[in-house]
Amino acid sequence: MVATFPLFPDETLDLCELSFGVAPAPALTTIGLADCNNFYAACERVFRPALAERAVIVLSNNDGCVIARSAEAKQLGITMGAPVHEVMSLIKQHEVVVCSANFALYGDLSRRVMSILSQRVPSLEVYSIDEAFLDFAAVPVHVQASFAQNMRAQIKRWTGIPLSIGIAQTKTLAKLANDWAKKRPSGVLALSEETINGWLLGTNIEDVWNIGPRRARFLKQHGVVTAYDLKYANSRWIRQHLYLPGARTQLELRGVPCFPLTNTRTAKQEITSSRSFGSPVHELADLKEALAFYATRACEKLRAQHSLARTITVFLSTNIFRETEPQYQQSVTIKLPHATAYTPEIVNTAHRAVEHIYQPGYAYHKAGITLSKLVSDEWVQGELFAEPPDLRQEAAMTVVDSINKHFGRDTIHVAATGQHKRPADQPPPSWQMKQEHVSPCYTTRWNELAQAQ
DNA sequence: TCTGGGGTCCTAGGACCC
DNA sequence: TCTGGGGTCCTAGGACCC
């Protein structure tokens with residue numbers, strides 16, 4: 001493939017603009033990426049050893065589509081994101097083990113893995129539920145691989161979760177090193193100057209971190225097909241067409257860090273809680289119940305990070321995949337009179353919002369709430385004409401949170417979620433999600449502990 | 001019949017100001 | 001034919017991530 005633009009080097013670009021003034025190209029490999037292998041499927045196996053070596057898949061909420069696969073399931077050709085009904089014949093034919101998502105279990109095992117990692121390296125950045133960037137700067141180059149293998153073995157032994165580790169000069173290269181590490185028996189790869197271009201030549205452009213479908217299509221149209229091509233493409237041209245994100249990715253491929261390791265967890269800038277419904281919802285009353293439930297979850301997250309919200313957005317939609325049915329999507333944003341994390345107030349506001357956008361006659365499929373314009377609860381800007389905040393509200397929420405933490409989620413909840421109306425022997429409301437293959441919460445609920453026979 | 005949920009960052013463009 | 005110009009702030013929407 002012949003590139004249709006001049007090649008690197010072309011040195012006029014201001015590196016400082018892109019890399020926050022970080023000195024170019026440190027000689028050492030300083031960033032590790034630890035990534036759990038097939039994480040959700042691996043979690044399901046931890047307490048069910050009989051699943052080892054069997055094809056296992058984990059489904060999204062409502063058991064809708066495939067969100068994780070064991071290696072065996074991948075081999076059968078079950079693709080990520082596939083709707084379950086499309087792969088049902090494969091599931092039956094090969095007796096694939098099907099699990100509903102159990103995020104309480106995955107979150108808890110994730111915390112254990114991260115805790116072990118944090119004891120082994122000076123600092124780490126938890127990047128997602130199954131990934132963390134590790135500070136390798138202090139580990140001498142010649143022992144990095146063995147150090148990583150030792151850490152990997154410890155995590156497998158202590159938690160049962162397998163993971164791979166890639167080590168490189170930048171986050172983007174560490175992500176790639178991790179992909180390549182997964183294909184090796186050792187599960188570890190430390191990149192060196194001598195080997196890196198060989199690896200990059202064998203890597204498709206769409207497998208580079210932050211190169212999504214759209215940028216990949218554009219790059220391929222212009223002859224940039226591999227990670228190697230992107231590394232040596234003209235940087236002005238990249239800056240012009242892929243803007244800052246593309247330019248940073250290119251520099252990272254060249255070994256210049258543009259995304260520094262950050263170990264402080266920053267508060268989220270917005271918090272969303274939304275779900276697809278287990279079955280279609282028609283009535284406003286049911287939507288209000290669902291929204292009260294989502295608002296409760298969102299407020300819990302809000303208080304957990306010591307924030308208050310100034311704005312709430314409520315949205316609802318019909319099933320966009322059912323093209324023959326009447327479609328309706330709407331959202332509304334309401335500015336709160338003062339920043340708050342008080343669940344009853346947010347539930348009431350969400351109810352006003354949904355009354356405003358609800359249209360009868362539609363089969364609703366999904367709804368949700370987003371809290372935004374978040375501020376710290378320690379530093380609240382007063383409003384000239386608003387009521388001062390009621391300190392009793394804050395105290396009440398603190399008590400509710402601590403009771404629910406101790407006795408279990410929703411021990412105390414707002415009546416608007418409808419839970420009090422429905423004893424356990426009653427059928428669940430139609431908005432509640434469907435989960436027919438959910439595993440026990442082995443590590444987070446006393447009554448679901450694993451038992452030795 | 002059946003198609004996830006929760007985030008961040010960046011850019012363009014409008015509103016507004018002097 | 002010409003119809004200011006430059007700056008800041010805010011928001012919506014796109015692209016991407018897991």
Side-chain angles (χ1 to χ4, degrees), chain A residues 17-18 20 33-40 57-68 79-89 91 98 100-103 106-107 110 125-133 171-172 175 178-179 205-219 239-249 258-259 262 265-280 294 297-298 301-302 305 310-311 313 315 317-325 331 333 335 363 365-374 433-437:
Chain A
E17 178 203 0
L18 305 172
F20 309 112
L33 177 68
D35 185 320
C36 301
N37 302 343
N38 313 320
F39 182 58
Y40 297 164
I57 60 173
V58 178
L59 306 183
S60 61
N61 288 337
N62 292 316
D63 295 342
C65 59
V66 179
I67 56 170
T79 52
M80 190 71 171
V84 174
H85 62 96
E86 282 179 14
V87 290
M88 195 47 88
S89 60
I91 291 172
V98 176
S100 302
N102 181 348
F103 291 108
Y106 311 152
S110 170
E125 175 184 339
V126 176
Y127 178 67
S128 73
I129 194 165
D130 69 337
E131 277 176 73
F133 289 105
K171 285 184 173 175
T172 303
K175 289 282 272 184
N178 191 284
D179 290 344
I205 192 71
E206 62 267 29
D207 295 331
V208 176
W209 191 41
N210 284 315
I211 301 297
R214 206 192 136 115
R215 287 176 194 148
R217 183 157 25 98
F218 174 82
L219 287 169
R239 176 69 179 85
Q240 187 183 352
H241 291 98
L242 300 187
Y243 309 108
L244 266 177
R248 287 189 176 133
T249 295
C258 298
F259 307 113
T262 53
R265 193 169 299 178
T266 48
K268 291 187 183 6
Q269 296 170 34
E270 56 179 47
I271 290 171
T272 301
S273 178
S274 75
R275 303 276 187 284
S276 306
F277 302 137
S279 49
Y294 306 147
R297 289 284 166 273
K301 293 186 205 168
L302 189 64
Q305 67 165 31
R310 285 185 296 177
T311 297
T313 301
F315 50 92
S317 82
T318 51
N319 191 340
I320 56 170
F321 294 102
R322 297 204 186 161
E323 289 166 2
T324 53
E325 292 183 4
S331 73
T333 299
K335 186 178 180 305
H365 175 66
K366 180 175 181 169
I369 178 171
T370 298
L371 306 177
S372 51
K373 301 229 171 128
L374 309 188
M433 63 190 182
K434 235 180 335 199
Q435 291 195 300
E436 292 177 356
H437 314 280

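Every chain is numbered from 1, with letters handed out A, B, ... down the list of sequences. Values below: every heavy atom of this structure, side chains too, minus hydrogens, waters and symmetry copies.
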With sequence neighbours left out, the residues meeting ring-ring contact (aromatic ring centres under 6.0 Å, His included) with A:Y106 are A:Y40, A:F103
Rounded to whole angstroms, how far apart are CD on A:E125 and C1' on C:dC17? 13 Å
Grab the CZ-P distance between A:R248 and B:dT8 for me, whole Å please. 16 Å
In whole Å, I'd like the distance from the CG atom of A:L242 to the C1' atom of B:dC9. 15 Å
Regarding A:D63, tell me which of base, sugar-phosphate or nothing describes its non-hydrogen contacts under 4.0 Å with the strands shown. nothing
Should A:K175 be listed as having a side-chain N or O under 4.0 Å from OP1 or OP2 of C:dC18? yes
Atom OH of A:Y106 to atom P of C:dC18: distance rounded to whole Å? 19 Å
So what does A:K434 touch, heavy atoms closer than 4.0 Å: a base, only the sugar-phosphate, or nothing? nothing
Show, in sequence, the C-alpha distance, side-chain angles and deciding distance for A:K171 and A:E125, and conclude whether the side-chain contact (heavy atoms from CB on, under 4.5 Å) test is met. CA-CA 11 Å; A:K171 285 184 173 175; A:E125 175 184 339; 2.7 Å; yes
Helical stems, DNA chain C - three or more consecutive Watson-Crick or G-U wobble pairs below 3.5 Å: B:5-18 with C:5-18
Please tabulate the protein-to-nucleotide N/O contacts below 3.5 Å involving nucleotides 4-7 of chain B, giving atom names and distances.
unit_1	atom_1	unit_2	atom_2	d
B:dG4	O4'	A:S60	OG	3.2
B:dG5	OP1	A:S276	N	2.4
B:dG5	OP1	A:S276	OG	3.4
B:dG5	OP2	A:S276	OG	2.9
B:dG5	OP2	A:K366	NZ	3.3
B:dG5	O3'	A:S274	O	3.4
B:dG6	OP1	A:S274	N	3.4
B:dG6	OP1	A:R275	NH1	2.8
B:dG6	OP2	A:S274	N	2.6
B:dG6	OP2	A:S274	O	2.9
B:dG6	OP2	A:S274	OG	2.8
B:dG7	OP2	A:T272	N	2.6

Got a donor-acceptor contact below 3.5 angstrom from the A:T313 side chain to the A:T333 backbone? no
Separation of B:dT1 C1' from A:I91 CD1 (nearest whole Å): 15 Å
Going 5' to 3' through nucleotides 11-16 of chain B, assign each nucleotide B (protein heavy atom under 4.0 Å from a base atom), S (under 4.0 Å only from sugar-phosphate atoms) or - (no protein heavy atom that close). SS----
Can you measure A:W209 atom CH2 to C:dC18 atom C1' for me and round it to whole angstrom units? 11 Å
For A:Y294, ring-ring contact (aromatic ring centres under 6.0 Å, His included) partners two or more places apart: none
Whole-Å gap separating P (C:dC17) and CD (A:E131): 11 Å
Name the nucleic acid region contacted by A:I320, choosing base, sugar-phosphate or nothing; use a 4.0 angstrom heavy-atom cut-off, strictly under. nothing
Integer-rounded Å distance: C:dC17 P and A:D179 CG: 12 Å
If I pick the C1' atom on C:dC17 and the same atom on B:dG4, what distance separates them, to the nearest angstrom? 15 Å
Applying a 4.0 Å non-hydrogen cut-off, can you work out what A:V208 is touching in the nucleic acid: base, sugar-phosphate, or nothing? sugar-phosphate
Go through the structure and list residues passing side-chain hydrogen bond (donor to acceptor under 3.5 Å, both in side chains) with A:E86, not counting sequence neighbours. none
